[in-house]
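What follows is a short report on a single structure.
All values below were derived from every heavy atom in this structure, side-chain atoms included, with hydrogens, water molecules and symmetry-related copies excluded. Quick note on labels: first sequence line is chain A, next is B, and so on, each numbered from 1.
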Amino acid sequence: MPELPEVETTLRGISPAVVGATITGFEVRNTALRWPVPVGQLQKLTGQTVSKAERRAKYLLLHTAAGTILLHLGMSGSLRILQTGQVAGKHDHLDIEFDGQQLVRLNDPRRFGCCLLIQSPVSEHKLLSNLGPEPLTEDFNAHYLFSRSRGRRVTIKSLIMDSTIVVGVGNIYASESLFLAGIRPTLAAKRLSRKRHHLLADAIKHVLQKAIKAGGTSLSDFSGTDGKPGYFSQQLHVYGRSGEPCSTCMTTIQSKVIAQRNTYFCPVCQRF
DNA sequence: CCCAAGACCTGGCGGC
DNA sequence: TGCCGCCAGGTCTTGG
């Protein structure tokens, strides 16, 4: 579920409920997420008010004067806003209660997500300190991408999925961006021309922006169904479409495993 | 430093 | 139906 657009949508969904609200408790039913949930540390935030909620890469950050809660949704996580007293279901691992009346509930079947507390400067935290720029900012552009691909033998697909290069490009949007830019995913990063870096940087921005709009629409009520990608799949050109005709040239879409992840492309539209 | 592969975990699906 | 193997939107960690 959580590609960058859904994390962004999640942020927008929880912000009205949590920013300015006071934490009145935590209920942790399962501490065994990707890293152990530090229950004792979190409890000390009780009584603190959330001053700001933001997204960095696919991390959600809830700031208080006494520390910052860092959440990640992994492959299968989601957050919901509920009234207190709602019975927890399977994989509802933890709640953060606000003002004694609402809670943010984390559900994550695969438990690749996490909930940690940061008390040092946030940008210096190990999980955040080596992250590349946000794709939708001006810091991420053709010139930057070109400079970071010099000497790199990895495929261009692996490069754009490397969070130290640029954050937020997951497996779906890597394939989609490369299709839009007309670039073969298997091409060595160092062999990409300047012109194609330009096309690629623009494609990444375009695809993510469009997806955020789609995600925002589909999840606007927020407690809605646990989202399968129904609303995305209409807009996907190549991802998950091997064997189907390319929407541009009707050639059969192919798939290939790159760095252990399935990758989709049109062999005609993406010649290089 | 760079790169590839392994690890974590559950659920849904197709095939027999 | 039931069981089995395979696959899945992430990313940190390890080993060469």
Residue pairs meeting ring pair (Phe, Tyr, Trp, His ring centres under 6.0 Å), one or both in residues 39-71 of chain A, sequence neighbours left out, come to A/Tyr59-A/His72
Note: contacts of residues 139-147 of chain A with DNA chain C (heavy atom, under 4.0 Å) are none
Residues passing the side-chain hydrogen bond (donor to acceptor under 3.5 Å, both in side chains) test with A/Ser158, sequence neighbours excluded, are A/Thr155
Quick note, ring pair (Phe, Tyr, Trp, His ring centres under 6.0 Å) partners involving residues 243-263 of chain A, not counting sequence neighbours, are none
Within residues 121-132 of chain A, the residues having a heavy atom closer than 4.0 Å to DNA chain C are A/Lys126, A/Leu127
Point to revise | A/Arg110 (side chain) and B/dC9 (base): donor-acceptor pair under 3.5 Å | key: yes
Could you list the donor-acceptor pairs under 3.5 angstrom formed by side chains in residues 20-38 of chain A, with sequence neighbours left out?
residue, atom, partner, partner atom, Å
A/Thr22, OG1, A/Thr49, OG1, 3.1
A/Thr24, OG1, A/Glu97, O, 3.3
A/Thr24, OG1, A/Glu97, OE1, 2.7
A/Thr24, OG1, A/Asp99, N, 3.4
A/Thr24, OG1, A/Gly100, N, 2.9
A/Arg29, NH1, A/Asp92, O, 2.7
A/Arg29, NH2, A/Asp95, OD1, 3.2
A/Arg29, NH2, A/Asp95, OD2, 2.4
A/Asn30, OD1, A/Ala32, N, 2.9

Validation: residues 114-128 of chain A side-chain donor-acceptor distances under 3.5 Å, sequence neighbours left out:
residue, atom, partner, partner atom, Å
A/Gln119, NE2, A/Ala66, O, 3.0
A/His125, ND1, A/Leu127, N, 3.0

Using modelled atom types and a 3.5 Å cut-off, is there a donor and acceptor pairing between side-chain atoms of A/Arg152 and backbone atoms of A/Lys190?
no
Sequence neighbours excluded, the answer for side-chain contact (heavy atoms from CB on, under 4.5 Å) partners of A/Arg150 is A/Phe146, A/His197
Residues 244-262 of chain A side chain polar contacts: donor-acceptor under 3.5 Å, at least two apart:
residue, atom, partner, partner atom, Å
A/Glu244, OE1, A/Arg241, NH1, 2.8

Mind listing the side-chain donor-acceptor pairs of residues 202-212 of chain A below 3.5 Å, one per line with the distance, residues two or more places apart or on another chain?
residue, atom, partner, partner atom, Å
A/Lys205, NZ, A/Pro135, O, 3.0
A/Lys205, NZ, A/Thr137, O, 2.8
A/Lys205, NZ, A/Phe140, O, 2.7

Per the under-4.0 Å heavy-atom filter, residues of residues 153-170 of chain A near DNA chain B come out as A/Arg153, A/Val154
Listing for DNA chain C: consecutive Watson-Crick or G-U pair runs of at least 3, distance cutoff 3.5 Å, ranges ordered by first number, gives B:2-8 with C:10-16, B:10-16 with C:2-8
